[in-house]
Amino acid sequence: MSSMVNVMLVDDHKIIREGIKALLADVPGINFITEADNGEDAIDKFEIYDIDLVIIDIEMPGIDGVETTKRLIQNHPEAKVLGFSMHAEEATIEAMIDAGAKSYILKNFGKEELIEAMEMVNNNQYFFSSEVSGNLLKDLLNKIKP
């Protein structure tokens, strides 16, 4: 990362949070400032910590990633959210984009893709993994075809 980025990691599975932190432990500029295992906790922690970037799972008990993102962006329009999930359905992807996420990647991502997504989102750009982009493009083409 080009500058220090304070990251909150939100996933209901501890092993996923620990895995992502371990994967990125040697990447300069990434500071995992806090983590949460549900949407309510994430919203509360966003108020407390100086968070630049939120990496959030879509499917969680209680408030899911879509609703959490929507609430974060409503209260903090400057919030930068990167959604990640196992699900590549167009409706889920579109719901995250509508909620205000700047990125949507699938949980089969690799280290380089995650770093690229984080850098782009941190710079207020959009990033979608190739499978997600393909699904969005296919959906768009189906909508405009006669």
Side-chain angles (χ1 to χ4, degrees), residues 1-140:
M1 294 294 233
S2 48
S3 62
M4 184 59 74
V5 179
N6 290 333
V7 179
M8 175 170 58
L9 188 52
V10 186
D11 191 294
D12 56 321
H13 296 100
K14 185 174 185 176
I15 192 79
I16 299 288
R17 296 191 312 268
E18 289 181 353
I20 291 173
K21 289 191 299 187
L23 183 70
L24 300 178
D26 65 340
V27 179
I30 297 174
N31 177 30
F32 286 101
I33 194 167
T34 189
E35 59 185 70
D37 63 4
N38 63 68
E40 293 91 342
D41 194 27
I43 291 167
D44 291 344
K45 286 184 173 174
F46 198 89
E47 300 295 330
I48 298 168
Y49 293 92
D50 179 24
I51 297 167
D52 301 310
L53 176 65
V54 178
I55 301 175
I56 188 168
D57 184 23
I58 310 304
E59 204 171 292
M60 295 183 294
I63 302 174
D64 67 9
V66 174
E67 184 60 29
T68 302
T69 298
K70 194 178 297 183
R71 292 183 190 185
L72 284 174
I73 299 292
Q74 281 173 348
N75 295 332
H76 304 278
E78 76 286 357
K80 297 170 185 166
V81 178
L82 187 162
F84 72 112
S85 178
M86 301 178 309
H87 304 287
E89 295 84 22
E90 293 86 359
T92 308
I93 299 164
E94 289 174 8
M96 267 311 272
I97 296 167
D98 287 345
K102 293 209 174 289
S103 178
Y104 192 105
I105 61 176
L106 299 180
K107 282 189 175 178
N108 63 1
F109 59 79
K111 179 177 181 176
E112 297 309 316
E113 184 176 30
L114 180 57
I115 293 169
E116 183 181 359
M118 291 174 71
E119 286 178 344
M120 290 187 70
V121 171
N122 194 52
N123 290 319
N124 277 317
Q125 297 174 304
Y126 288 89
F127 181 91
F128 302 101
S129 57
S130 57
E131 188 176 342
V132 170
S133 296
N135 286 352
L136 289 174
L137 185 57
K138 186 172 58 177
D139 189 48
L140 177 65

*asked:* For Phe46 and His76, take the angle between the two ring planes, folded into 0 to 90°, and tell me which bin it lands in: parallel under 30, tilted 30 to 60, perpendicular over 60.
replied: tilted

*Is there side-chain contact between Met96 and Ile58, with heavy atoms separated by less than 4.5 Å?*
yes

*asked:* Counting neighbours of CD on Gln125 that are heavy atoms of other residues, nucleotides or ligands and sit closer than 6.0 Å, is the number greater than 12?
replied: yes

_With a 4.5 Å cut-off on side-chain heavy atoms, are Phe109 and Ile20 touching?_
yes

*More than 12 foreign heavy atoms under 6.0 Å from CD1 of Ile48: is that the case here?*
yes

*With respect to Ile33, which candidate in Asn6, Asp52, Leu9 satisfies the side-chain contact (heavy atoms from CB on, under 4.5 Å) definition?*
Asn6

_Quick check for you: to the nearest 0.5 Å, what is the distance between Leu72 atom CG and Glu47 atom CD?_
8.5 Å

*Looking at OH of Tyr126 and OG of Ser103, how far apart are the two atoms once the value is rounded to the nearest 0.5 Å?*
11.0 Å

*Walk me through it: do Asn124 and Lys102 pass the test side chain to side chain contact (heavy atoms under 4.5 Å, CB included)?*
CA-CA 7 Å; Asn124 277 317; Lys102 293 209 174 289; 3.4 Å; yes

*Is Phe127 close to Glu113 at the side-chain level, that is, under 4.5 Å between some pair of heavy atoms?*
yes

*Indicate yes or no: at least one non-hydrogen side-chain atom of Ile16 is less than 4.5 angstrom from one of Asp57.*
no

*To the nearest 0.5 Å, what is the distance between CG (Asn75) and NZ (Lys70)?*
13.0 Å

*Test item: Lys80 side-chain N/O and Leu53 main-chain N/O as donor-acceptor pair under 3.5 Å*: no

*Working to the nearest 0.5 Å, report the span between OG1 of Thr92 and NE2 of His87.*
7.0 Å

*asked:* Quick check: closest heavy atoms across Ile105 and Ala117, and the distance to 0.1 Å?
replied: CG2-CB, 4.3 Å

*Nearest-0.5 Å distance, NE2 of residue His13 to CE of residue Met60*: 11.0 Å

_Spacing of Lys111 atom NZ and Leu24 atom CG [to the nearest 0.5 Å]_ = 6.5 Å

_Minimum-distance pair of heavy atoms, taken over all atoms of Ala36 and Ala42_ = CB-N, 3.6 Å

*asked:* Determine whether a donor-acceptor pair (N or O, by modelled atom type, separation under 3.5 Å) exists between the side chain of Lys45 and the backbone of Glu35.
replied: yes

*asked:* For the backbone of Met118 and the side chain of Asn122, can you confirm whether one donor and one acceptor N or O come within less than 3.5 Å of each other?
replied: no

*Side chains of Val7 and Asn31: does their closest heavy-atom pair fall under 4.5 Å?*
no

_Derivation of the side chain to side chain contact (heavy atoms under 4.5 Å, CB included) call for Asp41 and Asn38_ = CA-CA 6 Å; Asp41 194 27; Asn38 63 68; 3.3 Å; yes

_Apply side chain to side chain contact (heavy atoms under 4.5 Å, CB included) to residues Tyr104 and Ser85 and explain how you reach the verdict._
CA-CA 8 Å; Tyr104 192 105; Ser85 178; 3.4 Å; yes

*asked:* Using the rule side-chain contact (heavy atoms from CB on, under 4.5 Å), only one of Leu82, Asp11, Val10, Val81 pairs with Ile55; which is it?
replied: Leu82

_Ignoring hydrogens, what is the shortest heavy-atom contact between Asp12 and Pro61? Give both atom names and the distance._
OD2-CD, 3.4 Å

